[in-house]
A.B. asks: 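Mind looking over this structure? Questions follow.
Naming convention: chains lettered A, B, ... in sequence-line order (proteins, then strands); numbering from 1 in each chain. Computed over heavy atoms, backbone and side chain alike; hydrogens, waters and symmetry mates excluded.
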Protein chains: 2
Amino acid sequence: MEEERYSHPMAEGLTIGQAAAFVDITVKTVRHYHRLGLVAEPERDHSGYRRYGSADLLRLVQVRALAGAGVPLAEIGELLDAEPERFATALDDVRRRLTEQIEELMGRRDTLHRLAHGDRALLPDRACAVLERLAELDFSPDYVTTQREALVLSRALTPEVFDLFLANLEHRLDDPEFVELTKRGWEARSWDPDDPRIEELASAVAANLLGVRALLTLPAKRPHGPDAASRYGVVNHHREDEAPSIARLNGLVEGHLRAAGIDIPRQ
Amino acid sequence: MEEERYSHPMAEGLTIGQAAAFVDITVKTVRHYHRLGLVAEPERDHSGYRRYGSADLLRLVQVRALAGAGVPLAEIGELLDAEPERFATALDDVRRRLTEQIEELMGRRDTLHRLAHGDRALLPDRACAVLERLAELDFSPDYVTTQREALVLSRALTPEVFDLFLANLEHRLDDPEFVELTKRGWEARSWDPDDPRIEELASAVAANLLGVRALLTLPAKRPHGPDAASRYGVVNHHREDEAPSIARLNGLVEGHLRAAGIDIPRQ
DNA sequence: CTTGACCTTGACCTTGGGTCAGGGTTCACG
DNA sequence: CGTGAACCCTGACCCAAGGTCAAGGTCAAG
């Protein structure tokens, strides 16, 4: 009776396809595990097919459970061959890693949520409020967008002056003259860079700004490092390339302010 | 003043390293995004360095937010260039995917938790209870292990007989004679396969089993397909290769049962 | 005797980058 | 006015964890 069992070549175990279905993975994955030495190669039958016995299947189940939990394949081998206590410790480790991953993903989901509902991902609430106020004051959407971008850049590149920038916007928006001058400045985008009205406007803007000198004073703790200047440059001259007239306007205003003793970084 | 800006080659924007630090990624990653066309290559300065302006930085921030949320890089490009409403829909989609991922990870963590606390990942509670009972009845740990493996295999490979297998164990463990015979059977592992005591033991075991014929009747719904026999074989002859005497004992018991009219699959 | 479903090996593709090699640029210090 | 450190450039290869394709052998059923 038993000899018959061994003389029947087909019954010596499961084929790779059956074994793979057993642990719910693909045939290719099983072979991958063999190549990595994670699961020993089983005996082959007379035609070269792998034949899986119970021990192989159990091993596959164990490997799959760990791999499915995110344990790198390279670690699974030694882990399964370790003593029970080390195994238990390692399992706990894996569980902690999983928990961390879950929390990180939840954080990302929140970020995305905020991204979907405006710019709350990139800017603090105070800045969002200012942007909403800009829209209420009937500034053009393009202007609001440009200011939003400038805020984002300032926050990231020159955090020391971000608060100053924000405070400026917050306070100046209460000043109807400033609002009016700024809207006119935005219209200047379409002017010729040599338009004489630009100089006039620059003088008016500078005078208005100089009305509250406290808001023009950079913090004593000036930024450091050789890239400080280029960071200022990126923020200060954001989008100027789109409108040369604006570049000229800004340059003139800066000149006025410097002439009045205000410390404005060059570039 | 402005000419000076443009005549100063170094101030035309941030270098790749500064830009990368800005969005908190590596230089290599930024270049990777360029190669994928996700972020347009910025202008180069006179020495061939990439120089990043505000628009580039904003784009990098957006790309990073999406990539960080798990959106495949290949999709990010068209997503960012899509109209706002399609973008919003896509964002919602991404959020759903993230939620799914989180739930899957939590499921894995649970699985791992059960894996760490015994075999509850692989076996139903009823089976775990039986295994605990085996330990209480003072069966050797090796025997318990072997039975556990047999249960796992049976559940996966021959689910139609798994319940029968389990019911058998549950009921027979109340029978002191069965317990005694089984322990003796386990000791037979170390006997010579030709030991005459094996035949004796096989008769006793068969007689005991035949005491409750209901537990020996396979379900009418027998398994299907050409691999049914090999599946039975794997379960029935699990670990026999380790002890030829056990193989002989099992064979003899099967013979007795068949002689008594019990339907036992061959192989 | 053919058909279709398996099995075998081997070589290359994928994603999101990391690492190495070989060379050019810029900057601050002495 | 060097010189060293810290950048930058390109290009080529490497990783996990498999997937896909190719070219052929094997098996059971009609």
A.B. asks: Would you say the side chain of B:Phe162 lies within less than 4.5 Å of the side chain of B:Pro124, judging by non-hydrogen atoms?
C.D. replies: yes
A.B. asks: If you assign each of B:Ser47 and B:Leu73 to its closest nucleotide in DNA chain C, which residue comes earlier from the 5' end?
C.D. replies: B:Leu73
A.B. asks: Could you please name the option among D:dG25, D:dG19, D:dT10 that lies closest to any side-chain atom of A:Thr26?
C.D. replies: D:dG19
A.B. asks: Taking only the side-chain heavy atoms of B:Thr15 (C-beta and beyond), determine which of C:dG17, D:dC8, D:dG18 contains the nearest atom.
C.D. replies: D:dC8
A.B. asks: Consider the side chain of A:Ile16, meaning its heavy atoms from C-beta on, and name the nucleotide among D:dT10, D:dC8, C:dT8 that approaches it most closely.
C.D. replies: C:dT8
A.B. asks: Taking 4.0 Å as the cut-off, does a side-chain nitrogen or oxygen of A:Tyr33 come that near to OP1 or OP2 on D:dG18?
C.D. replies: yes
A.B. asks: Where the side chain of B:His32 is concerned, which of D:dG18, C:dT8, C:dG16 is the nearest nucleotide?
C.D. replies: C:dG16
A.B. asks: Rounding to a whole Å, what distance do you find between B:Leu38:CG and C:dT15:C1'?
C.D. replies: 12 Å
A.B. asks: If you find the nucleotide of DNA chain D closest to A:Gly70 and the one closest to B:Arg44, which residue's nucleotide is nearer the 5' end?
C.D. replies: B:Arg44
A.B. asks: Can you tell me if B:Gln18 uses its side chain to pair, donor with acceptor, with the backbone of B:Thr15 under 3.5 Å?
C.D. replies: yes
A.B. asks: What is the separation between atom CG on A:Leu60 and atom C1' on D:dA17, rounded to the nearest whole Å?
C.D. replies: 16 Å
A.B. asks: Quick one: do A:Tyr33 and A:Arg64 satisfy side-chain hydrogen bond (donor to acceptor under 3.5 Å, both in side chains)? Show the steps, please.
C.D. replies: CA-CA 10 Å; A:Tyr33 291 168; A:Arg64 195 56 214 163; 2.4 Å; yes
A.B. asks: For A:Glu41 and C:dT9, what is the distance between atoms CD and C1' respectively, to the nearest whole Å?
C.D. replies: 11 Å
A.B. asks: Pick the nucleotide of DNA chain D nearest each of B:Arg31 and B:Arg35; which residue has the one closer to the 5' end?
C.D. replies: B:Arg31
A.B. asks: Between D:dG18, D:dG25, C:dG16, which one does the side chain of A:Tyr49 approach most closely?
C.D. replies: D:dG25
A.B. asks: For B:Gln18 and C:dC27, what is the distance between atoms CD and C1' respectively, to the nearest whole Å?
C.D. replies: 13 Å
A.B. asks: Is the shortest side-chain N/O distance from B:Thr29 to OP1 or OP2 of C:dG16 below 4.0 Å?
C.D. replies: no
A.B. asks: In a check of side chain to side chain contact (heavy atoms under 4.5 Å, CB included) between B:Asn250 and each of B:Val253, B:Ile246, B:Leu252, which one passes?
C.D. replies: B:Ile246
A.B. asks: Taking atom C1' of C:dG16 as reference, at what distance in whole Å does atom CG of B:Leu66 sit?
C.D. replies: 15 Å
A.B. asks: 5'-most contact on DNA chain C: B:Ala74 or B:Lys28, nearest heavy atom basis?
C.D. replies: B:Ala74
A.B. asks: What do the steps show when you test A:Asp56 against A:Leu60 for side-chain contact (heavy atoms from CB on, under 4.5 Å), and what is the final call?
C.D. replies: CA-CA 6 Å; A:Asp56 303 306; A:Leu60 273 177; 5.7 Å; no
A.B. asks: Would you mind telling me which of B:Leu38, B:Val39, B:Leu66 makes a side chain to side chain contact (heavy atoms under 4.5 Å, CB included) with B:Leu80?
C.D. replies: B:Leu66
A.B. asks: Regarding B:Arg96 and B:Asp93, does a basic nitrogen lie under 4.0 Å from an acidic carboxylate oxygen?
C.D. replies: yes
A.B. asks: Rounded to the nearest Å, what distance is computed from the CZ atom of residue A:Arg51 to the P atom of nucleotide C:dC6?
C.D. replies: 14 Å
A.B. asks: Rounded off to whole Å, could you give me the CG-to-P distance for the A:Asp45 and D:dA28 pair?
C.D. replies: 10 Å
A.B. asks: Between A:Arg50 and C:dT8, does any side-chain N or O lie under 4.0 Å from OP1 or OP2?
C.D. replies: yes
A.B. asks: Taking atom types as modelled and ignoring hydrogens, do the side chains of A:Arg109 and B:Thr99 form a donor-acceptor contact shorter than 3.5 angstrom?
C.D. replies: yes
A.B. asks: Between B:His34 (NE2) and D:dG11 (C1'), how many Å, whole number?
C.D. replies: 17 Å
A.B. asks: Which angle, to the nearest 10 degrees, lies between the helix axes at the two ends of the helix from C:dC1-D:dG30 to C:dG30-D:dC1, each defined by five pairs?
C.D. replies: 10°
